Every structure is written in C-alpha cells, then in structure tokens.
Protein chains: 2
Amino acid sequence: MVNKIEPAAQAPADAPPPGAARKRRGRGRPKGASAGQVRERLLAAARELFLRYGYRAVSSRQIGAAAGVNFAMIRYYFGGKPGLYREILQGVLPAQIPQAIQTGASPPKLADILGNITRVWAANPWIAGFVLREVLVPGGPMRSMFLREFPERLAPLVERAVRAEIERGALRSDLDPKLLVLSVVSLAVFPFLGFPLTSRVFGVSNDEEFVTRFLRHTQALLACGVAPGGWAG
Amino acid sequence: MVNKIEPAAQAPADAPPPGAARKRRGRGRPKGASAGQVRERLLAAARELFLRYGYRAVSSRQIGAAAGVNFAMIRYYFGGKPGLYREILQGVLPAQIPQAIQTGASPPKLADILGNITRVWAANPWIAGFVLREVLVPGGPMRSMFLREFPERLAPLVERAVRAEIERGALRSDLDPKLLVLSVVSLAVFPFLGFPLTSRVFGVSNDEEFVTRFLRHTQALLACGVAPGGWAG
DNA sequence: GCTCTAATTATACTTATGGTTAATAAAATC
DNA sequence: GATTTTATTAACCATAAGTATAATTAGAGC
C-alpha cells in the first residue's frame, strides 16, 4: 500500500554470530514410558490430517505438532512424508476394502454385499475421505494402487455374483449386471461419502441404529422399487 | 549429501551488480487482438487445474503457464490466487446446481428430478470434482457457500416433491421421504462423482448414449426393484 | 507529437516446506 | 562403569510458492 522504495534491506536481522558456541541440540532418548509410542502417534495424527485436508495440504511440521513430537521423527521412522503416507495407505486400506465383499456364501449374495459395503464404509468414515481425495487426483500416490486393487480384483467378483443371481432367477434378467453393481455401490457408498453434507441434510450417521434403518430402506428399495404394492417376489 | 558447514552463505548467488544497467522488464501493452482475453484464459486454465488437482496443489506459476500468460496477471486481475479461486466458485457453480431441480411440473416429479440431476452432472463433470474437493474440506472456501445453498434451499424442495407423490399414491407409503431422496441423489450423482474410477470399472461415460441407457436402467431399478416379474404398478 | 493510462513482463522479496544433520542423552549391552 | 545403540531435538539448507513492484510499451486523448 504505502510506498516502499528502500533499495534492498536484506539484512538477516537475527543472523547467529558465526563464532558463537554451538547451542545444545537434542534432548536425548526419552524416559521409557513414551518410547515406541511416537510412531503410532504420528500414524494416527497423520491419518486424521491427511483424511481431512489431503496429502498436499498437510505439512510435516503440522503432523509433528498434532502428534506432539518433533517433525524430524517422520524422517526417522518413515523416511519422509511420502513414506508415512504410503504406510498409512498400504497398512490400513487394503485390509478393509476386500472385507466388504467377502461373505459366507459363494458366490456372495447381492444383499449381503450391499450390507457389508455399507457397514464397512459406515464404520470407517475416513476410508471415504481417502478414496475420494486420492483416487480422483490423476497421478496421486494412491490412485494407481487403488485402481489396481479395486477394479481388477473386487469388481469382477461382485459382477460375477450378480450374474449368478440373475441366472438362478433371483434377479430380473433385463438388468445390466455392470450397471446394477454400480447402482448398489452408489447406494451403499455415496451417503457416507458426502458425510458432512449428508449428515446435515439427510440425517446420515454412523451409529448402529441409523445404519440398520438405512440398510433396511435401501434393501427394500432395491427389492421392489418405489411402486406401491411392494415386496413383490 | 556432502558436508556443508559454511557459516551462513546466504548470498543471493546471482545478486545483480547494484551499479549495472537495469535489464529490460515488461514487454508492454499487447497488440489489440489479445487484449482483454487474458482474464478469460486465466479463468479457464485455473478452473481446469483446480478441478483436476485441487486448490493447494496448483501454483500460480502453473496457472499462468497453462494460460500462456505471465502469472503476475493473476494478481493484476484477481488480486491473487484466492481471488481467482473465489471468482471461479462464485461465478460458475451456483448457476448450475439449482438447474437440476427445476422442472416444468410443480411439484416436480421424482423421475424428472433424477433425470435432471443425472444430466447436469454428466454434462458438467467438473462440478463433481469441485464439490467433492471443496465440500469435504472443513473450512474450505466453498463449503459454507455450498452448505448454505444446497441443504437449506434445494433439498427441502425435493423432499416436498416426494411427500406429494406419496400422498397421491404414486409412491409406496412405507418409504422414508428423506432416505428416498438420498437414494435418488446417490444413484444420480455417485457414478459421475467417481468418474475416473467408474469409467474404468463400469464403463460410465458422458456421452448421450450412455446417459440415456444409464437413466433408463436407474429408473427401472427405482420403479420396480430387482425382483423378477418387474414393472409392477 | 506529447502525455497519460492500461496491460504486461521480469524480477525481487518473504515465508513456508521438505529434507538433512550434528548434538544430545537415556537405555541397553558388555 | 564404559561403550554402543537408539531416540530425540534444534538448527540448517535448498527450493518453491505467493506476493509485490519497477520497467516497459501499446494505445487513447488532447
């Protein structure tokens, strides 16, 4: 705003005297109690922050502050910020996603798949944030992993289940299996995907009561649609 | 890597000799043709980049390069990166969303709403990216605007339409209007939300042919569910 | 033709970020 | 008890990003 024509006042202003005695650096190994928990605290804090703000928007120093430890520990334990991120993704996500598909029956029933996906996503709301944020970004660190994992392993499994049900007459034969799977996934995933939005508008929540009610509703919708006279078999 | 213990080598390394002749700076006002288009080029480039990579991941210099103009023009026209972002959000989004609800009939019919939402989202795939990215981020610049616009103005409108249809017997009476709206929105939005994913796995695309087929499928699903015997009234 | 304004560029400045390292001290090991 | 290992910290460095500004020139008004 005001005129500033001072030539170039680039004095460091608090330059440390070069000859001064070295200041003390570290504080050494901690008392036994807190040792070994730093790694876990970092993982928890980073997962929370990455979920809420995305990989790029979160700085190493921010993670360290949230975990209550020095941010250099990220390098010590994970080799750096990308390593920490990879650890979170690979350690946590793959363990949860396939669980949504595996049911007792083989091939699994569509209704069970719907229920499982819904429950996994409702129980782990942070998964939605991760998937949303990382799968959408081209070149994002997680995208290739996710695209390798889900479409080529899990989706065909579900699709095969739908085809089997159509063949044995449990589903209408005029439905496109692929689109039907897409619809089922949409119904199970979206409400928990847009959580901050859907919770406010539609009362979506994580608790057992809502999930049960929601599942019953969705299954009824899938079973016989919106037409009056319902529950036709 | 190598040891570097020089006390404080903070010389600018290429400090211009203070007495040297000033190098030439700008290239001046452009030939009339391109004048005035810089603003639009910046808006277009920034919208594309923000959509694909998110606000934080895109730098001002990157936007300038993509638009083919000097990045300082961002400051000149929009006051800075946040101003450019605000301009995009406020100028483009609110015009598209409500259009999805307005149908000829009053109250609108559920099937029409489904069709409109689907078509708007399919025709403007970047909306999904924006909504995903910005609504989910707490404190994001767009979130409050969106939360003000959609839930409190549009959602009740749709819900009222559903109640009206239930009352006149066009919909099953055991359905929860709120959850039904949620289901319809899920079916219409999710496939285009997860576009990079769904296009690969389920063959989702924007073109007229797919949208029509998709809509017919979804409406059939909603109308009579998955049970064989279909199209019951 | 001269002057003033608008539009554009190159560059300087400041700050924040990720990565890196030497110093440090508790614990473990011998 | 001495030594080595492990865990932790502050400071350092290079780079990138956003912001700011001076230089530069095309056109408008007179």
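Quick caveat, the model's predicted, so the values are computed rather than measured. Proteins come first, then strands; the chains are lettered A, B, ... in the order of their sequence lines, and each starts at number 1.
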Toward the 5' end of DNA chain C, by each residue's nearest nucleotide, A:V58 or A:A72:
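Per heavy-atom nearest nucleotide, the more 5' residue is A:V58.
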Distance-only donor-acceptor test (3.5 Å): side chain A:R75, base C:dG18:
no
Find the distance [X]:[atom1] to [N]:[atom2] and express it as a whole number of Å.
{"X": "A:Y85", "N": "C:dT17", "atom1": "OH", "atom2": "P", "result": "18 Å"}
{"X": "A:M73", "N": "D:dT6", "atom1": "CE", "atom2": "P", "result": "13 Å"}
{"X": "B:Q37", "N": "C:dT8", "atom1": "CD", "atom2": "C1'", "result": "15 Å"}
{"X": "B:F71", "N": "C:dC13", "atom1": "CZ", "atom2": "P", "result": "15 Å"}
{"X": "B:L84", "N": "D:dA17", "atom1": "CG", "atom2": "C1'", "result": "15 Å"}
{"X": "A:Q62", "N": "C:dA16", "atom1": "CD", "atom2": "P", "result": "13 Å"}
{"X": "A:R39", "N": "D:dT6", "atom1": "CZ", "atom2": "P", "result": "15 Å"}
{"X": "A:F78", "N": "C:dT20", "atom1": "CZ", "atom2": "C1'", "result": "18 Å"}

Give the table of side-chain donor-acceptor pairs shorter than 3.5 Å for residues 61-68 of chain A, with sequence neighbours excluded, one pair per line with atom names and distance.
unit_1, atom_1, unit_2, atom_2, d
A:Q62, OE1, A:S59, N, 3.4

Taking only the side-chain heavy atoms of [X] (C-beta and beyond), determine which of [options] contains the nearest atom.
{"X": "B:K81", "options": "C:dT9, D:dT19, D:dA7", "value": "D:dT19"}
{"X": "B:V38", "options": "D:dA17, D:dA20, C:dT8", "value": "C:dT8"}
{"X": "B:N70", "options": "D:dG18, C:dG19, C:dA10", "value": "C:dA10"}
{"X": "A:S60", "options": "D:dA17, D:dA10, C:dG18", "value": "C:dG18"}

More 5' along DNA chain D: A:R61 or A:Y76, using each one's nearest nucleotide?
A:Y76
Over all heavy atoms of both residues, which pair between A:W121 and A:F192 is shortest? Give the atoms and the distance, please.
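Shortest heavy-atom separation between A:W121 and A:F192 comes out as O-CB, 4.3 Å.
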Pairwise distance CG(B:L110) to CG(B:L114) - rounded to 0.5 angstrom:
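So the gap between those two atoms works out to 7.0 Å.
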Pairs satisfying salt bridge (charged side-chain N to carboxylate O under 4.0 Å, His left out), at least one member in residues 115-128 of chain A, at least two apart:
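Counting only pairs at least two positions apart or across chains, the salt bridge (charged side-chain N to carboxylate O under 4.0 Å, His left out) contacts touching residues 115-128 of chain A are A:R119-A:E208.
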Distance under 6.0 Å and angle within 45° of the ring axis: does A:K81 meet both against A:Y55?
yes
